[in-house]
Amino acid sequence: MDTSPHSEAAYRLMHNGILAIARAEQQGLRVDLEYLEQRKANLTSKINRLERKFKASDFYRHWEHSRGGRVNINSNAQLAHFLYKTKKLEVEKETESGQGSTDEETLRQLNIPELDILLDMRKLKKVRDTYLEAFSREQVKGYIHPFFNLHLVRTFRSSSDHPNFQNIPKRDEESMQIVRKALYPRPGHQLMEVDYSQLEVRIAACYNHDQQLIYDITQGDMHRDMAVQIFMLDSFDKSNPAHKVLRQAAKNGFVFPEFYGDYYKNCATYMACNWGKLPPTKWKPGQGIEIDGAHLSDHFIEKGIKSLDTFINHVKKIESDFWGVRFADYAAWKDRWWKTYQKYGYIDMYTGFRCHGVMGKNDCINYPVQGAAFHCLLWAFTEIDRISQEENWRTRLVGQIHDSMILDVHPDELEYVVKVVHRVTCEDLPAHWPWIIVPLEVEIELCPVDGSWAEKDEYKIK
DNA sequence: GGAACTCGCCAC
DNA sequence: AAACGTGGCGAGTTCC
């Protein structure tokens with residue numbers, strides 16, 4: 001696969017975009033050096049404590065004995081050998097190359113308490129070595145200057161490195177807090193993140209013009225609808241925590257994977273086992289997460305779904321309804337797009353980029369959506385950079401994460417900056433590209449003045 | 001002693 | 001028939 005700017009406008013977007021990004025790279029983000037050193041030391045002592053505890057266990061002694069004393073507890077290859085060859089445990093999951101897996105999910109399922117210690121160590125080491133250590137290594141005079149590459153990604157998204165600013169922990173509360181507490185604005189400033197809501201889904205709708213999808217974006221809630229269908233709910237109560245979990249499961253376990261090209265079997269298994277906490281076999285009463293005073297297995301059994309296999313079958317029917325009825329126009333677009341590629345050997349993005357080379361069907365569907373979505377962000381980023389330069393803002397752009405941008409804001413300029421950012425992202429951009437036929441929205445999060453990036457909070461646009 | 005590989009895990 | 005898209009990076013390991 002090879003993608004290239006195929007029009008003058010596409011070239012200009014890259015040219016102007018790289019200049020705006022270079023300016024953000026030069027600005028950088030402040031890191032708290034004292035915090036970094038303290039936190040790394042603190043994590044090291046926690047890791048050492050866990051290591052001592054692990055090494056005092058019978059499990060470790062057995063492992064050590066089996067290797068004549070030469071154990072590296074960081075080596076998953078050695079661990080896999082010990083678990084699956086020495087102890088002869090059953091391999092539930094294999095890696096790409098056919099080795100027994102030692103990923104978190106697999107180790108948890110083995111129900112060996114010592115492995116939980118190992119997993120706790122893994123998590124702390126990830127935070128210390130991948131994030132905090134990288135910030136220390138890359139900082140110059142207390143500022144990191146992450147790079148944002150426009151020329152490395154197949155889909156013409158961006159990537160980031162030295163350090164990578166686009167994979168900083170967010171979902172895991174503890175990791176998120178530890179890492180983001182290292183990042184600060186300039187003295188007297190505050191960090192702000194402007195995030196396009198559902199950008200890729202909206203751009204997909206611009207390609208396929210599916211009326212149901214457009215309805216869902218503007219007025220509906222497809223994740224709720226799919227949760228009701230998949231989990232056979234009689235009603236949906238958005239204040240019910242269990243219903244919220246099921247909506248999340250439908251969103252991240254079915255809707256998004258289906259949009260990316262996954263299929264019912266993976267989706268069903270992932271939803272039942274990961275979100276529902278059900279075993280991958282026949283289900284008995286009292287299993288799985290709690291829902292409406294009972295357990296998920298009770299609920300499913302009552303509805304006639306008594307095992308993972310029957311659930312997979314159920315999700316199979318939902319998938320054919322999803323693509324055959326609900327999003328039939330979307331599905332027809334996918335077929336047309338694939339046929340076009342097969343006939344001509346390339347496909348064009350709406351932003352003037354051409355994808356050619358060897359592509360599969362999923363690639364033909366995903367690349368133009370992912371690429372054009374990022375181009376929206378890049379256009380807005382470039383425009384905001386231009387305005388900030390012309391008007392001599394003290395506020396500056398400092399980074400970007402595919403569908404969001406990060407600014408280091410001077411509090412006196414906050415309201416004005418929000419106004420300009422909102423206008424550029426939600427009004428100027430759709431005016432610039434007439435193929436954008438759905439409304440665009442942004443969410444804004446703001447940190448306190450002199451507060452760290454861990455203290456982000458929703459900011460209501462006035 | 002470095003390049004290239006695997007595995008696991010972080011983000012969108 | 002096939003079956004999840006895009007990255008970066010650390011640690012271990014293997015190859016040259």
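In what follows, chains are A, B, ... by sequence order, proteins preceding strands, each numbered from 1.
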Asker: Report, one line per pair, each donor and acceptor closer than 3.5 Å where one atom sits in a side chain of residues 272-279 of chain A; sequence neighbours left out.
Answerer:
{"unit_1": "A/K277", "atom_1": "NZ", "unit_2": "A/N274", "atom_2": "O", "d": "3.2"}

Asker: Given side chains that start at C-beta, do those of A/I406 and A/F165 come closer than 4.5 Å, heavy atoms only?
Answerer: yes
Asker: Take atom OH of A/Y270 as the centre, draw a 6.0 Å sphere, and report whether it contains more than 12 heavy atoms from other residues, nucleotides or ligands.
Answerer: no
Asker: Once the angle between the rings of A/F259 and A/F256 is folded into 0 to 90°, is it parallel (under 30°), tilted (30 to 60°) or perpendicular (over 60°)?
Answerer: tilted
Asker: Looking at the side chain of A/K170, which of B/dC12, B/dG8, C/dG8 is the nearest nucleotide?
Answerer: B/dC12
Asker: Between the base of C/dG7 and the side chain of A/Q166, is there any donor-acceptor pair under 3.5 Å?
Answerer: no
Asker: Specify the residues of residues 125-134 of chain A, ordered by number, for which at least one heavy atom lies under 4.0 angstrom from an atom of DNA chain B.
Answerer: A/K126, A/Y131
Asker: Mind calculating the distance between CZ (A/F254) and C1' (C/dC4) to the nearest angstrom?
Answerer: 13 Å
Asker: Rounded to the nearest angstrom, tell me the gap between atom CD in A/Q99 and atom P in C/dT13.
Answerer: 12 Å
Asker: Applying side chain to side chain donor-acceptor pair (under 3.5 Å), which residue pairs with at least one partner in residues 331-344 of chain A are found, sequence neighbours left out?
Answerer: A/D335-A/K361
Asker: Nearest of C/dG12, B/dG8, C/dA3 to any side-chain atom of A/S101?
Answerer: B/dG8
Asker: If only side-chain N and O atoms of A/R122 are considered, is one of them under 4.0 Å from the OP1 or OP2 phosphate oxygen of B/dC9?
Answerer: yes
Asker: Mind calculating the distance between NE2 (A/H402) and C1' (B/dC12) to the nearest angstrom?
Answerer: 5 Å
Asker: Among the candidates C/dG7, B/dA11, C/dG12, find the nucleotide nearest to the side-chain atoms of A/S75.
Answerer: C/dG12
Asker: Can you say whether a donor on the side chain of A/R171 sits under 3.5 Å from an acceptor on the base of B/dC10, or the other way round?
Answerer: no
Asker: Please check if the number of heavy atoms outside A/K40 that lie under 6.0 Å from its NZ is greater than 12.
Answerer: yes
Asker: Is it true that a side-chain atom of A/D195 and a backbone atom of A/E443 form a donor plus acceptor pair closer than 3.5 Å?
Answerer: no
Asker: Picking from B/dC7, C/dG12, B/dA11, which would you name as closest to the side chain of A/N72?
Answerer: C/dG12
Asker: Closest approach to the side chain of A/N167, judged atom by atom: which nucleotide of C/dC9, C/dA11, C/dG8 is it?
Answerer: C/dG8
Asker: To the nearest Å, how far apart are A/F256 CZ and C/dT6 P?
Answerer: 17 Å
